[in-house]
Amino acid sequence: MAALDIVRIPVLSDNYVWLVHDPESFETMVVDPSVADPVLAEADRRGWPITAIWNTHWHPDHTGGNADIKAKTGCEIIAPVAERERIPTADRLVKDGDRIRLGSHVADVWDVPAHTAGHIAYHFADDAAIFVGDTLFAMGCGRLFEGTAEQMFANMQRLATLDDATRVYCAHEYTLSNARFAVTVDPDNRALADRLAAVEAARAAGEPTVPTSIGAERATNPFLRAPTAAELGRIRALKDAA
Ligand SMILES: [Zn+2]
């Protein structure tokens, strides 16, 4: 099985849309297209036909390109069943335990509610890759708009079961802000201090800092490392107020 080609497309102020291509079947899917034009242009430039959109949650900066990309390509839109009313462009509704294919690559759907009530993630176990939308960020986690700290804690615990090498494809470049906050709640963490310095250098050079990895998050992410839901909730509230 040939490795997936995964391309980062920066859009809006800090969103990343992921274009995922299977070189054997030539199937190509888009995770969370905020907008259509830059995604269509990148796929065109590579000669990849977009066959599917996979949404993690309903927020407009994750679904805003759905209708135009579908109109231009005829692709199938896969979205969380719990958000079907808020993603009217969806063709196929999925939930925890469902499996989706891109060519011969298989992704397991995870329910990861908290940022939104029906948020899902897509885990390609054989590819050691997970698309997490706005659930886990580099040194951060999503805001609790429609769920609880208990739910987000459960999500973090589940993500922490993945191998360190698993690449984590999140939907925003929030890393520098997250790192600067993280050092205030975990000041003695040497790996975190080192990562903050590396991220400052990368951002100063205009470089992206994602995907991240489960290993890097296990070492430096205060939300993934929180020992209890109460502690996760406490630091999430601090970050919201920062
Ligand atoms: Zn969101």
Side-chain angles (χ1 to χ4, degrees), residues 8-20 29-36 38-39 52-69 77-90 93-96 107 109-123 129-156 158-159 167-179 181-182 208-212 217 221-224 232-233 235-242:
R8 177 194 314 98
I9 306 173
V11 300
L12 307 181
S13 59
D14 53 33
N15 280 77
Y16 289 133
V17 177
W18 299 103
L19 189 63
V20 183
M29 65 89 166
V30 184
V31 181
D32 285 351
S34 321
V35 291
V39 176
I53 290 169
W54 295 12
N55 290 139
T56 64
H57 66 295
W58 67 269
H59 282 162
D61 63 317
H62 295 254
T63 56
N66 276 14
D68 281 357
I69 294 172
I77 299 180
I78 296 174
V81 64
E83 300 189 350
R84 65 181 156 242
E85 272 105 37
R86 290 189 285 187
I87 309 180
T89 48
L93 298 161
V94 296
K95 61 182 186 311
D96 200 278
V109 176
W110 289 19
D111 285 344
V112 285
H115 177 70
T116 64
H119 199 305
I120 58 175
Y122 299 98
H123 178 224
I130 187 163
F131 293 86
V132 293
D134 289 354
T135 294
L136 179 66
F137 294 113
M139 292 170 278
C141 76
R143 281 179 179 252
L144 308 177
F145 286 124
E146 299 176 6
T148 64
E150 285 73 18
Q151 289 175 315
M152 189 59 92
F153 180 72
N155 296 339
M156 297 293 114
R158 188 172 181 188
L159 285 160
R167 288 159 299 152
V168 178
Y169 295 85
C170 57
H172 290 275
E173 179 62 64
Y174 288 161
T175 310
L176 184 54
S177 158
N178 286 342
F181 171 77
T209 63
V210 297
T212 178
E217 297 316 306
N221 186 318
F223 301 94
L224 196 78
L232 185 151
I235 59 177
R236 183 63 260 180
L238 284 174
K239 177 73 165 73
D240 289 348

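First listed ligand is number 1; within each ligand, the first listed atom is number 1.
Distance check, rounded to the nearest 0.5 Å: CG of L224 to CD of E217 gives 7.0 Å.
No other N/O/S atom of H59 lies as close to the Zn ion (ligand 1) as ND1 does. Looking only at N/O/S atoms, D134 comes nearest to the Zn ion (ligand 1) through OD2.
In this structure, H59 and F145 have perpendicular ring planes: the angle between them is above 60°, well past the 30° mark.
One finds an angle of 100° at the Zn ion (ligand 1) between NE2 on H57 and NE2 on H115, to the nearest 10 degrees.
Between the Zn ion (ligand 1) and H62 there is no N/O/S contact shorter than 2.8 Å.
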- Query: Given the rule in the side chain to side chain contact (heavy atoms under 4.5 Å, CB included) test, do T56 and H119 qualify, once you have shown the distances and angles that lead to the verdict?
  - Reply: CA-CA 6 Å; T56 64; H119 199 305; 3.6 Å; yes

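Nearest heavy-atom pair, L93 versus P80, reported as atom, atom and distance to 0.1 Å: CD2-O, 3.9 Å.
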